[in-house]
Amino acid sequence: MREKGRTRRLMGLGARTGGALIKTRLGGQADWRALGEALFEGLSELKGPAMKLAQVVSQWDDILPPDLADELARLQRQAEPMPWPRIREALVLQYGDLDTVFRDIEERPFASASMGQVHRAITHDGETLVLKVQYPGLAEVLETDLFQVRRLMRLGRWFKVPQSRLDALFEELAASLREELDYLAEAEALARYRERYRDVENLVIPEPLPALCGPHVLAMRYVEGTPLRELEDADDERRQKIATALADWITAELFTHGELHADPHAGNFAADEQGRLVIYDLGAVIDVPKASLDGMLQLLDATLAQDPMAMDQAMLKMGGRQGHGAPLSLYKESAECIAPLFAPGEQDFSDVRVHRRLRELSPKVWAAMDRLQPPADTLLLSRALNGHYWNLVRLKARLNMAERTGPLLARARG
């Protein structure tokens, strides 16, 4: 990746996306579809931190303008792969003569994302592997890209996002990207998770192959599966089995192990032929302090009690509200939106009424952003949980959330 060329293109992207907002504002309304198209066209080819930022933002399905969310979501599904000759360079750097290590490597990737792409390979013993290959030169241009991303994030002012939140989001993004470039650390995470969940029958985590892993190539045994995003039309029993496995796993991660998978886009998950949940990518795993969990449980407890004053106290305790004047009416409406999912009995995550109310509430949330500022140390946690929630929505999950959260809330109160 040529640093000067990338810098010019990132600056040009900022100009185009800013122009898409300025030129198309009619009656105070921006053309979010035009903005999303400009971002998709520029970032799909550019790769790296700027594309990752857009993918992060695309997971805010509940509060983004729908047209913008739809366009950014394409970056999860249709990212243009890097040409094979460039990827081959990275593989040769790792392995030397590829023919001595592999019988065959598929030149066409079966997955591509912001930081790398995935190719199937066959060893001389006939075993099928997966090679996750980091885009060549990405580590060298990361810091320059991040500097330009900070400039791009000034577009957040159009959404009335406070500068402090943008700064916190940037620091979160920068830290996670630096960690995500360490493929040896991801191989260790895969091994740790395989050991942790070795006795859990409905989870599958691919086995890393340390002898074939390096700083920029991650080698795993191939685990075939149907991507989560393709399960929306699967039979109900299969979807519910995967949804239950996903919900159980997230709960265990948070409240037993104090960690969370923080890159929840649908391409990282699949279902195998036995109906087990496959977790492919562990490049982003965050520690979740008990204090953060306690604060979020306190907020949930107040929300389910539909007590706006208690909700505000929880927000203040978490450091999540600034300014003067608690938006009590907004708290009340938020509680009314969320409460149905936690009503006694099995609740349907595909209930469009819930999503419609969240969509209707989002302009009020943005209008209150000068006071509502999620605490910096829970931004990544909140984003990850939001992404996992939408995966449950895609699966049309039916879960008894009251039964799941009851013991946790009781423990938090005690």
Side-chain angles (χ1 to χ4, degrees), residues 1-7 9-10 42-55 75-76 78-125 127-146 148-149 173-174 176-191 206-223 263 265 267-268 280-284:
M1 293 186 177
R2 296 179 180 178
E3 189 169 326
K4 292 183 179 179
R6 286 180 62 81
T7 298
R9 289 157 73 188
L10 276 167
L43 297 175
S44 179
E45 181 182 352
L46 195 57
K47 309 292 187 188
M51 181 177 174
K52 186 69 175 186
L53 173 63
Q55 290 181 334
L75 287 169
Q76 303 286 6
Q78 303 175 26
E80 288 296 322
M82 182 168 282
W84 168 248
R86 297 297 314 281
I87 295 298
R88 192 178 189 281
E89 290 176 16
L91 292 172
V92 169
L93 186 64
Q94 170 67 32
Y95 300 116
D97 184 1
L98 298 181
D99 291 337
T100 65
V101 183
F102 304 104
R103 180 196 302 172
D104 182 56
I105 302 177
E106 292 182 2
E107 296 186 6
R108 182 177 180 82
F110 69 88
S112 57
S114 56
M115 309 293 279
Q117 60 194 44
V118 183
H119 294 255
R120 269 189 289 261
I122 301 176
T123 67
H124 289 290
D125 294 331
E127 184 173 14
T128 302
L129 309 180
V130 165
L131 303 177
K132 179 179 176 183
V133 188
Q134 191 174 116
Y135 293 128
L138 191 58
E140 287 72 25
V141 301
L142 176 63
E143 298 305 322
T144 301
D145 273 19
L146 286 172
Q148 297 302 330
V149 165
L173 175 72
S176 65
L177 286 177
R178 293 180 184 117
E179 293 172 1
E180 196 170 327
L181 288 180
D182 188 349
Y183 281 10
L184 291 175
E186 183 174 356
E188 292 174 0
L190 284 165
E207 180 184 357
L209 303 171
L212 294 176
C213 292
H216 307 300
V217 180
L218 175 63
M220 301 172 282
R221 298 193 192 280
Y222 175 61
V223 176
D263 192 5
H265 75 76
N268 287 337
Y280 287 126
D281 190 303
L282 287 169

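Just so you know, these numbers use all the heavy atoms, side chains as well, and skip hydrogens, waters and symmetry mates.
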Could you tell me whether the side chain of N268 and the main chain of D263 form a donor-acceptor pair under 3.5 Å? yes
CZ (R103) and CG (D125) are apart, to the nearest 0.5 Å, by 8.5 Å
For A219 and L212 the tightest heavy-atom approach is CB-CB, 3.6 Å
Mind running side chain to side chain contact (heavy atoms under 4.5 Å, CB included) on F102 and L131 for me, showing each step along the way? CA-CA 11 Å; F102 304 104; L131 303 177; 3.9 Å; yes
Compare all side-chain heavy atoms of E188 with those of P210 and state whether any distance is below 4.5 angstrom. no
Testing the basics here: between Q94 and P215, what is the closest heavy-atom pair and its distance to 0.1 Å? OE1-CD, 4.0 Å
Passes side chain to side chain contact (heavy atoms under 4.5 Å, CB included), I87 versus E107? Steps please. CA-CA 9 Å; I87 295 298; E107 296 186 6; over 6 Å; no
Note: P208 and A187 closest approach over all heavy atoms is CG-O, 3.5 Å
Assess the residue pair V101 and L91 against the criterion (side chain to side chain contact (heavy atoms under 4.5 Å, CB included)); give the C-alpha distance rounded to whole Å, side-chain angles, the decisive distance to 0.1 Å, and a yes or no. CA-CA 11 Å; V101 183; L91 292 172; over 6 Å; no
Atom of P136, atom of M82 and distance for their closest heavy-atom approach: CD-SD, 3.5 Å
Have a look at Y222 and tell me which of E127, E207, R120 forms a side chain to side chain donor-acceptor pair (under 3.5 Å) with it. R120
Would you check, one step at a time, whether the test side chain to side chain contact (heavy atoms under 4.5 Å, CB included) holds for Y135 with H216? CA-CA 8 Å; Y135 293 128; H216 307 300; over 6 Å; no
OG1/T100 to OH/Y95 distance, rounded to the nearest 0.5 angstrom? 11.0 Å
The reported gap from CE in M220 to OH in Y280 (rounded to nearest 0.5 angstrom) is 9.0 Å
To the closest 0.5 Å, what do you measure between CG (L190) and CG (L218)? 6.0 Å
Minimum heavy-atom distance A90-V133, with the two atoms named: CB-CG1, 3.7 Å
Which of parallel (below 30°), tilted (30 to 60°) and perpendicular (above 60°) describes H119 and W84? tilted
To the nearest 0.5 Å, what is the distance between CG on D281 and CD on E186? 4.5 Å
